[in-house]
Amino acid sequence: MYRTHTCGELRITDKNKLITLAGWVQTIRKFGAITFVDLRDRYGITQLLFGESLNNLLDENPLGREFVLQATGTVSERSNKNPNIPTGEIEIIVSSFKVLNKSVVPPFTIQDDTDGGDDLRMKYRYLDLRRNIVKKNIELRYAVSRAARNYLHHQGFMDIETPFLIKSTPEGARDFVVPSRMNPGQFYALPQSPQTFKQLLMISGYDRYYQVVKCFRDEDLRADRQPEFTQIDCEMSFVEQEDILNTFEGMVKFIFKEVKGIEYTEKLERMSWEDAMRYYGNDKPDIRFGMKLTELKSNYSGEDRNIFKKEIEASGFKVFNDAELVGAISVPGCCDYTRKQTDELTEWVKRPQIGMAGLVFAKYHSDGSLKSSVDKFFDESTLKSLAEKCQAKPGDLILILAGKEERTRKALSELRLEMGERLGFRKPDEFKLLWVVDFPLFEFSEEDNRYVARHHPFTSPKPNEIHLLDDASQYGTIKANAYDMVLNGNEIGGGSIRIFQRDVQEKMFAALGMSKEEAQHKFGFLLGAFEYGAPPHGGIAFGFDRLCAILGGSESIRDFIAFPKNNAGRDVMLDAPSTIDDKQLEELQIRFNLK
RNA sequence: GGUUCGUUGGUGUAAUGGCUAACAUCUCAGAUUGUCGAUCUGAAGCUACGGGUUCGAUUCCCGUACGAACCGCCA
């Protein structure tokens with residue numbers, strides 16, 4: 001046995017016990033005849049005291065940072081206590097020790113405030129994982145997974161594994177593919193999600209399934225995206241949308257309670273996709289703060305979405321008149337923005353990523369007066385009515401963007417989030433959940449010149465709209481039985497009620513421009529299965545990594561993955577991907593045609 | 001595919017069209033019997049790569065590589 005205790009558990013009540021610890025040398029502090037060593041393991045840090053009698057032994061077996069050390073000694077009360085660590089009242093008077101392994105000098109310090117940059121820490125991820133801060137993230141991840149599993153288990157869900165070597169599917173993200181040696185010229189694909197398998201499990205009668213499972217998508221990465229990521233994947237039979245929303249609202253609340261100690265008692269708001277787009281410009285609104293979008297003029301019919309249209313037409317202001325959408329947000333308490341600040345905001349919206357031509361603003365001063373960048377076109381009383389219509393209060397800064405519908409809506413959303421961020425409204429320790437529901441079933445793809453599934457091709461239309469699948473002119477109007485759970489402006493989960501009748505599924509494939517033969521070739525197994533008594537079913541999948549990151553107050557999911565990949569999908573520790581031996585290529589009968 | 005930013009001792013940062021490239025930390029050696037971000041003394045160690053401008057480039061310009069963030073993309 002290497003140890004009797006861990007480095008985090010000994011207390012003053014253990015005084016005089018003879019114990020053995022094993023761990024890593026955190027720091028060495030030498031004071032002439034005596035030497036202090038902080039010994040670290042996963043559980044904490046305990047101070048070792050090497051007395052004068054061990055000096056010869058220490059000279060023969062010098063210690064260094066990150067050496068693996070076993071030490072036996074007596075728990076003793078410190079004369080100088082350290083209130084900052086749980087074991088701070090005691091130290092170990094070492095009687096004997098053994099260096100179990102040496103360490104070269106690590107490339108960065110293994111401390112909370114390490115001197116290592118991101119790059120280096122990725123390369124030596126196994127060292128970075130020793131750091132307390134990283135360890136806490138990994139522990140949080142485990143706590144989330146444990147809570148989810150506990151909840152689902154107690155709700156009668158079964159964890160069932162599904163294969164990783166599957167068939168490439170046309171819809172959705174790019175597949176990672178794996179060549180098959182035994183079937184030359186043919187490829188497996190890694191699953192983008194276990195979608196079809198969980199539906200088949202429903203057909204098999206396993207009416208409550210879940211899996212914490214890896215998914216693979218070969219797309220470009222971001223701080224919150226990895227080529228392989230983890231989902232909490234769930235599916236239920238004999239349920240309607242309402243059942244699923246309630247079940248998984250419960251799961252997320254349980255996770256909050258278990259992991260963060262937060263009792264999230266209020267019922268989750270349900271917001272239609274249409275309202276989300278209208279009031280937040282975004283299908284995953286951050287509702288921790290207001291600053292909702294106001295449509296001054298839009299393509300939509302209806303007075304309430306064109307509240308300033310008449311005034312705009314009367315003004316002769318070309319920028320607004322030519323725009324598909326003119327939208328505003330009022331930013332609380334920012335009416336005193338200086339020229340420099342408004343110029344800076346204008347530059348911000350003109351960045352290529354936002355892509356607006358300019359920014360119009362109106363300062364609603366505390367004395368009730370209004371000063372705008374378009375005073376030439378609107379007199380003060382008109383601006384006053386504008387302010388009222390935007391529900392601006394004295395002291396607010398009204399920001400207005402105009403242009404093409406889609407881009408402008410997106411820009412307004414970005415601007416709202418940016419101002420929310422600047423004003424400190426996006427607190428990482430405040431959590432606001434909501435459901436976004438009633439998504440459109442289809443989305444028109446300019447690139448492919450056809451409709452594509454907004455969620456995925458197995459999503460059921462609203463039951464009373466299924467007949468619209470027979471009329472191609474109606475595709476754009478069909479609403480889906482699909483839903484997303486949104487946390488602080490992030491989509492953390494999404495799902496749908498599925499199609500479970502063969503004929504509906506065939507219509508769906510046809511709507512997506514797939515021929516009967518193609519549908520049969522790619523999804524014949526599913527269509528076939530639908531003929532053998534498929535139950536009504538639906539499900540949801542949560543982005544596990546992202547959920548962990550948000551609960552941990554971080555923007556980056558990499559911090560919550562033990563061995564993450566970088567921006568370009570490389571594992572810099574392994575140096576993967578890499579070339580393979582000619583022999584392997586030969587076996588696979590693969591030759592390159594590199595461009 | 002695109003945009004932006006970055007690359008200076010082991011690590012993290014600073015500065016400069018020219019002189020010994022600075023600071024902190026780490027490392028090594030010495031001192032030190034109560035430290036816990038120990039302290040003190042000393043030592044060692046740096047301008048990513050390729051090209052251009054220039055009398056002279058770490059600095060300015062172009063390219064490459066690598067990293068990061070974002071846009072496109074991600075059912």
Side-chain angles (χ1 to χ4, degrees), chain A residues 26-40 45-52 55 62 64-66 76-85 87-89 91 93 104-124 127 169-175 191-193 195-196 215-227 229 350-355 407 410-411 414 418 439-443 445-448 451-459 480 482 491 494-496 508 512 541 543 555-556 558 566-570 572 575:
Chain A
Q26 176 79 28
T27 51
I28 303 164
R29 295 179 295 276
K30 201 168 172 297
F31 277 82
I34 66 166
T35 302
F36 297 103
V37 170
D38 287 344
L39 198 67
R40 182 197 71 238
I45 285 180
T46 299
Q47 176 167 288
L48 310 178
L49 175 62
F50 292 75
E52 203 164 359
N55 276 352
R65 278 166 54 206
E66 302 306 315
S76 120
E77 187 170 359
R78 292 201 199 180
S79 55
N80 283 343
K81 294 179 180 169
N82 181 355
N84 299 321
I85 58 172
T87 62
E89 285 193 293
E91 63 194 348
I93 311 289
V104 296
V105 177
F108 52 87
T109 56
I110 314 293
Q111 294 168 354
D112 285 3
D113 54 341
T114 182
D115 58 8
D118 296 343
D119 194 9
L120 200 69
R121 281 164 36 217
M122 285 279 262
K123 185 168 175 193
Y124 297 92
L127 295 181
T169 52
E171 296 281 316
R174 199 175 290 119
D175 284 317
Q192 297 175 26
S193 81
Q195 181 60 36
T196 48
C215 303
F216 307 86
R217 291 177 192 175
D218 186 11
E219 296 291 348
D220 287 1
L221 306 178
R222 292 285 190 281
D224 65 346
R225 258 193 253 159
Q226 287 272 299
F229 60 98
K350 284 164 96 169
R351 283 159 54 227
Q353 283 89 341
I354 305 288
R407 181 177 285 250
K410 189 152 194 286
E414 293 294 332
E418 174 69 16
F439 280 84
L441 184 66
F442 296 111
E443 198 166 41
S445 162
E446 300 288 345
E447 192 187 324
D448 299 335
Y451 280 96
V452 295
R454 192 181 165 92
H455 183 55
H456 58 49
F458 316 108
T459 299
E491 181 203 322
S496 62
M508 182 72 185
L512 295 170
E555 302 275 305
S556 174
R558 286 177 209 166
N566 76 4
N567 242 7
R570 296 201 68 86
V572 294
D575 193 27

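Here is how names work: the chains are called A, B, and so on, in the same order as the sequence lines, proteins then strands, and each is numbered from 1. Everything numeric here is computed off the predicted structure, so don't read it as measured data. The analysis underlying the following values was restricted to heavy atoms, covering all of them including side chains, and did not include hydrogens, waters or symmetry mates.
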Enquirer: So Arg78(A), base contact, sugar-phosphate only, or nothing? Heavy-atom distance under 4.0 Å.
Expert: base
Enquirer: Pick the C1' atom in C23(B) and in U64(B), then give their distance to the nearest Å.
Expert: 32 Å
Enquirer: Once hydrogens and angles are ignored, does a donor-acceptor distance under 3.5 Å link the base of C73(B) to the side chain of Arg225(A)?
Expert: yes
Enquirer: Using purine N1 to pyrimidine N3 plus N6-O4 or O6-N4 for Watson-Crick, or N1-O2 and O6-N3 for G-U wobble, each under 3.5 Å, what pairs with C74(B)?
Expert: none
Enquirer: Provide the distance between the two C1' atoms, one in C40(B) and one in U7(B), to the nearest whole Å.
Expert: 36 Å
Enquirer: Rounded to whole Å, how long is the line connecting atom CD1 of Ile28(A) with atom P of C36(B)?
Expert: 16 Å
Enquirer: Does the U4(B) base have a donor-acceptor partner in the side chain of Gln353(A) within less than 3.5 Å?
Expert: no
Enquirer: Return the 5'-most residue of the pair Ser193(A), Glu414(A) with respect to RNA chain B, ranking by each residue's nearest nucleotide.
Expert: Glu414(A)
Enquirer: How long is the line joining CG of Asp118(A) and P of U7(B), in whole Å?
Expert: 15 Å
Enquirer: Taking atom C1' in both C28(B) and A65(B), what distance in whole Å separates the two?
Expert: 34 Å
Enquirer: Who is the Watson-Crick or G-U wobble partner of G10(B), with both distances under 3.5 Å?
Expert: U25(B)
Enquirer: Remember a base hit wins even if backbone is also touched, and classify Lys410(A) as base, sugar-phosphate or nothing at under 4.0 Å, heavy atoms.
Expert: sugar-phosphate
Enquirer: Looking at every strand, decide which applies to Ala33(A) at a 4.0 Å heavy-atom threshold: base, sugar-phosphate, or nothing.
Expert: base
Enquirer: Students often get this wrong, so: under 4.0 angstrom with heavy atoms, is Glu443(A) touching a base, only sugar-phosphate, or nothing?
Expert: nothing
Enquirer: Does C40(B) have a Watson-Crick or wobble partner in any strand here, with both distances under 3.5 angstrom, and which is it?
Expert: G30(B)
Enquirer: Take atom P in G52(B) and the same atom in G10(B), then report the distance between them in whole Å.
Expert: 28 Å
Enquirer: For Glu555(A), look at atom CD and say whether over 12 heavy atoms of other residues, nucleotides or ligands are found less than 6.0 Å away.
Expert: no
Enquirer: Tell me the partner of C19(B), counting only Watson-Crick (N1-N3 plus N6-O4 or O6-N4) or G-U wobble (N1-O2 and O6-N3) with both under 3.5 Å; none if nothing fits.
Expert: none
Enquirer: Are there over 12 heavy-atom neighbours, none belonging to Arg454(A), within less than 6.0 Å of that residue's CZ?
Expert: yes
Enquirer: Looking at A69(B), I'd like to know if its phosphate oxygens (OP1 or OP2) sit under 4.0 Å from a side-chain N or O belonging to Arg558(A).
Expert: yes
Enquirer: Nearest heavy-atom pair of Leu441(A) and Thr459(A): which atoms, and what distance?
Expert: CD1-O, 3.6 Å
Enquirer: Could you tell me the separation between the CG atom of Asn567(A) and the P atom of G6(B), rounded to a whole number of Å?
Expert: 17 Å
Enquirer: In whole Å, I'd like the distance from the CZ atom of Arg570(A) to the P atom of G67(B).
Expert: 7 Å
Enquirer: Which atom pair, heavy atoms only, marks the closest approach of Phe108(A) to Arg65(A)?
Expert: O-NH2, 3.4 Å
Enquirer: Please work out if Gln111(A) contacts a base, only the sugar-phosphate, or nothing of the nucleic acid, heavy-atom cut-off 4.0 Å.
Expert: nothing
Enquirer: Using a cut-off of 4.0 Å on non-hydrogen atoms, how would the nucleic acid contact of Arg121(A) be classed: base, sugar-phosphate, or nothing?
Expert: nothing
Enquirer: Given the rule in the side chain to side chain contact (heavy atoms under 4.5 Å, CB included) test, do Glu66(A) and Arg40(A) qualify, once you have shown the distances and angles that lead to the verdict?
Expert: CA-CA 9 Å; Glu66(A) 302 306 315; Arg40(A) 182 197 71 238; 2.8 Å; yes
Enquirer: What is the separation between atom CD on Glu219(A) and atom C1' on C73(B), rounded to the nearest whole Å?
Expert: 5 Å
Enquirer: So does Lys81(A) pair up with Glu91(A), basic N to acidic O under 4.0 Å?
Expert: no
Enquirer: Starting at CG of Asp224(A) and ending at C1' of A68(B), how long is that distance when rounded to a whole Å?
Expert: 14 Å
Enquirer: Give the nucleotide from the list G34(B), G67(B), C73(B) with an atom nearest to the side chain of Asp220(A).
Expert: C73(B)
Enquirer: Please determine whether a side-chain nitrogen of the Lys or Arg among Asp38(A) and Arg29(A) lies less than 4.0 Å from a carboxylate oxygen of the Asp or Glu.
Expert: yes
Enquirer: Between G18(B) and U54(B), how far apart are the two C1' atoms, rounded to whole Å?
Expert: 12 Å
Enquirer: Please measure how far the P atom in A69(B) lies from the corresponding atom in U33(B), and state the result in whole Å.
Expert: 50 Å
Enquirer: With the side chain of Ala223(A) defined as its heavy atoms from C-beta on, choose the nearest nucleotide among A69(B), C36(B), C74(B).
Expert: A69(B)
Enquirer: Grab the CG-P distance between Asp119(A) and U11(B) for me, whole Å please.
Expert: 10 Å
Enquirer: Does U64(B) have a Watson-Crick or wobble partner in any strand here, with both distances under 3.5 angstrom, and which is it?
Expert: A48(B)
Enquirer: Could you check whether Arg65(A) gets within reach of a base, just the sugar-phosphate, or nothing at all, counting any heavy atom under 4.0 Å?
Expert: sugar-phosphate
Enquirer: Quick one: on RNA chain B, does Val105(A) or Asn84(A) contact a more 5' nucleotide (nearest heavy atom)?
Expert: Val105(A)
Enquirer: Find out whether Leu221(A) and Pro227(A) are in side-chain contact, i.e. whether some heavy atom of one side chain is under 4.5 Å from a heavy atom of the other.
Expert: yes
Enquirer: Would you mind classifying the nucleic acid contact of Thr459(A) as base, sugar-phosphate or nothing, using non-hydrogen atoms under 4.0 angstrom?
Expert: nothing
Enquirer: Would you measure the distance from the P atom in U16(B) across to the matching atom in G56(B) and give it in whole Å?
Expert: 23 Å
Enquirer: Answer with base, sugar-phosphate or nothing: what part of the nucleic acid does Asp113(A) contact at a heavy-atom distance below 4.0 Å?
Expert: nothing
Enquirer: Hey, is Phe31(A) stacking on U33(B)? Ring centres under 5.5 Å, planes under 30°.
Expert: no
Enquirer: Let me see the working for Asn567(A) and Arg558(A) under side-chain hydrogen bond (donor to acceptor under 3.5 Å, both in side chains), right down to the final yes or no.
Expert: CA-CA 10 Å; Asn567(A) 242 7; Arg558(A) 286 177 209 166; 3.2 Å; yes
Enquirer: Mind checking who U3(B) pairs with, Watson-Crick or G-U wobble, both distances under 3.5 Å?
Expert: A69(B)
Enquirer: Under a 3.5 Å cut-off for both contacts, is U53(B) paired Watson-Crick or G-U wobble with anything, and if yes, with which nucleotide?
Expert: none
Enquirer: In whole Å, what separates the C1' atom of C36(B) from that of G30(B)?
Expert: 23 Å
Enquirer: With heavy atoms under 4.0 Å as the rule, sort Pro352(A) into base, sugar-phosphate or nothing.
Expert: sugar-phosphate
Enquirer: Using a heavy-atom cut-off of under 4.0 Å over every strand shown, decide if Ile85(A) touches base, sugar-phosphate, or nothing.
Expert: nothing
Enquirer: Distance check needed: A24(B) C1' versus Phe108(A) CZ, whole Å only.
Expert: 19 Å
